[in-house]
Amino acid sequence: MSKVKVGVIGVGHLGSLHSKMYAEIDAAEFIGVFDVNEEKRNEVAAKYKVKPFSSLEELLEKIDAVSIATVTTTHHKVAQQVLHAGKHVLIEKPITSTLEEADELITLAQKKNVVIQVGHIERFNPAIISLESYQLKPMFIESHRLAQFNPRGTDVAVVLDLMIHDIDIILSLVNSPVKQIDANGVAVVSDTPDIANARLQFENGCVANVTASRISRNKMRKMRMFQSNAYIAIDFQQGSADVFRLGNEGEGSIWSTMLLGQIGEGKKKRSIIYEQPEIKKINALKYELESFLKSVQTGSRPVVNGEDGRLALQVAQQIMSKIQVQKFNV
Ligand code: NAD
């Protein structure tokens, strides 16, 4: 299969990481970068021995696909230009600042018959990948994503910056419409909520209690899920998962599992089994970009397409509006 000619637009913190990965990926022919900041684009281009383009139009003439890693408020304008040029695009999360902007991009991509993938990188976290063989049907989810303060990303509320990662994962796992949202949040150091908590109720009965903070002392990215036959704990930061599940009587004797006990009587005896799923040594960003290029090459559905990105944004905005209402009621 021929290589995909790629570029990166916006080479700040995350765009320089995209550049590093494209320079390593076999399926990519890394052509060049564009950033409105000349010093940045020259620096990153020199590092990866590609061309620093001084205009977006020039870059678009030379590539088949791009990553957009500019600040969120510019995603729509930049992506519009990319899609009008008929190029495939991976847009960093969140897809755009508004739903109208997201809708416009999705329609444009359909018209031009090109791929939109959204950079919800946790879908490619080794911990999530390790759970692929399990039948996940969570009915209660508790997640915590806590970060130390960093002015980068404070152009949007913590819900759009950090919580949206967990919102996307939860929506992909629960696979049921959201019925009700309750939320609370406080703007402590910036003008938008820096800490937020949301309770999502789904039509299938699942409840997710989601907390995100960017003013915490220590980092934490954990999710715990409970379903009828199992408890699953995911650590996104460590890239690890623990599974405690009910198995049939006698199960749990092989080396990879640990029998914690038996419950039940007579015919209904069950084993309580602890397992640590095998974790593949993968770089989530590299895996995400490889997956994007595969969709470009084969026309397959991206793991996180424009509609998925839009849905995560919609729920994030609903959470934001609940927090807003509360603020006005104080
Ligand atoms: P950053 O400020 O470090 O970098 C943004 C870069 O974009 C800057 O170099 C800036 O000069 C450039 N830029 C701004 N407007 C531009 C335009 N119109 N055209 C070309 N270049 C432009 O920001 P960052 O932390 O790298 O975040 C970038 C995006 O990545 C944001 O949308 C953010 O939400 C997302 N992000 C995603 C993750 C993740 O885990 N997936 C993590 C961090 C950031």
Side-chain angles (χ1 to χ4, degrees), residues 7-21 32-45 47 51-60 63 66-85 87 89-98 101-102 105 116-128 145-169 190 192 212 214 219 221 236-237 239 283-289 291-292 302-304 308-309 312-313 316-317:
V8 179
I9 306 169
V11 283
H13 170 69
L14 211 68
S16 59
L17 293 176
H18 279 238
S19 302
K20 182 174 191 283
M21 293 304 138
V33 301
F34 169 66
D35 194 298
V36 286
N37 180 326
E38 187 179 351
E39 207 181 312
K40 271 260 155 229
R41 67 177 184 246
N42 286 340
E43 181 194 316
V44 174
K47 193 166 178 186
K51 188 172 171 184
F53 287 87
S54 52
S55 83
L56 180 53
E57 293 76 9
E58 265 183 88
L59 170 70
L60 292 177
I63 51 87
V66 279
S67 285
I68 298 179
T70 59
V71 285
T72 300
T73 44
T74 63
H75 286 182
H76 172 249
K77 194 166 170 232
V78 176
Q80 231 184 0
Q81 231 177 310
V82 172
L83 293 169
H84 272 302
K87 309 295 175 171
V89 63
L90 183 143
I91 309 172
E92 261 310 330
K93 50 65 36 185
I95 179 169
T96 49
S97 305
T98 71
E101 289 173 349
L105 297 184
I116 296 188
Q117 182 166 325
V118 184
H120 286 288
I121 193 168
E122 297 293 32
R123 297 270 203 116
F124 300 88
N125 189 300
I128 287 288
R145 186 168 294 258
L146 316 179
Q148 288 149 344
F149 185 70
N150 181 342
R152 236 180 352 94
T154 51
D155 57 323
V156 291
V158 72
V159 176
L160 282 174
D161 186 25
L162 299 183
M163 190 187 276
I164 198 160
H165 284 293
D166 296 314
I167 294 171
D168 171 67
I169 288 285
S190 74
T192 57
R214 58 182 171 207
K219 259 175 115 173
R221 294 177 179 177
F236 291 101
Q237 204 176 318
N283 175 308
L285 180 58
K286 191 172 183 184
Y287 195 35
E288 177 186 58
L289 298 181
S291 174
F292 167 55
V303 172
V304 188
D308 297 329
L313 176 66
Q317 288 198 338

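Reckoned from all heavy atoms, side chains included, excluding hydrogens, waters and symmetry mates. For ligands, and for the atoms within them, numbers begin at 1 and follow the listed sequence. Keep in mind that what you see is a predicted model, and the values were worked out from it rather than measured.
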*Please step through salt bridge (charged side-chain N to carboxylate O under 4.0 Å, His left out) for the pair Lys40 and Asp35, ending with a clear verdict.*
CA-CA 7 Å; Lys40 271 260 155 229; Asp35 194 298; over 6 Å; no
Which of the atoms of ligand 1 are close to [X], meaning less than 4.0 Å from one of its heavy atoms?
X	result
Gly119	41 (N)
Val78	18 (N)
His165	39 (C), 40 (O), 41 (N)
Phe34	19 (N), 20 (C)

*Give the contacting part of Ile121 toward ligand 1: side chain, backbone, both or neither, where contact means a heavy-atom distance below 4.0 Å.*
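The answer is the side chain of Ile121.
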*Looking at Leu105 and Ile91, what are the two nearest heavy atoms and their distance?*
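Looking at all heavy atoms of both residues, the closest pair is CD1-CD1, 3.9 Å.
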Would you mind finding which of [options] brings a heavy atom closest to [atom]?
atom	options	result
atom 38 (C) of ligand 1	Val11, Leu14, Ile164	Leu14
atom 17 (C) of ligand 1	Leu59, Leu17, Asn150, Val36	Val36
atom 8 (C) of ligand 1	Asn37, Asp161, Leu285, Asp35	Asp35

_Are any of the N/O atoms on Lys40, whether in the backbone or the side chain, positioned under 3.5 angstrom from an N/O atom of ligand 1?_
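For ligand 1, there is no N or O atom that lies under 3.5 Å from one belonging to Lys40.
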*Return a yes/no value for Glu92: is any of its N or O atoms, backbone included, closer than 3.5 angstrom to an N or O of ligand 1?*
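Yes, since at least one N or O of Glu92 sits under 3.5 Å from an N or O of ligand 1.
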*Is the shortest distance from a heavy atom of His75 to ligand 1 less than 4.0 Å?*
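Yes, His75 has heavy atoms under 4.0 Å from ligand 1.
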*Answer yes or no: is there an ion pair linking Arg145 with Glu122, defined by an N-O contact shorter than 4.0 Å?*
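Answer for the salt bridge query: yes.
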*Once you round to the nearest 0.5 Å, how far does OG1 of Thr70 lie from CG of Leu14?*
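The OG1 atom of Thr70 sits 11.0 Å away from the CG atom of Leu14.
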*Within a radius of less than 6.0 Å around OH of Tyr287, do more than 12 heavy atoms belonging to other residues, nucleotides or ligands occur?*
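Open.
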_side-chain hydrogen bond (donor to acceptor under 3.5 Å, both in side chains) assessment of Arg214 paired with Ser190_ = CA-CA 10 Å; Arg214 58 182 171 207; Ser190 74; 3.2 Å; yes
_side chain to side chain donor-acceptor pair (under 3.5 Å) involving Gln81 - partner list, sequence neighbours excluded_ =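 Partners of Gln81 under the side chain to side chain donor-acceptor pair (under 3.5 Å) test: Glu57.
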*For Ser97, which residues count as a side chain to side chain contact (heavy atoms under 4.5 Å, CB included) partner, sequence neighbours excluded?*
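Ser97 satisfies side chain to side chain contact (heavy atoms under 4.5 Å, CB included) with Thr72, Thr73, Glu101 once adjacent residues are dropped.
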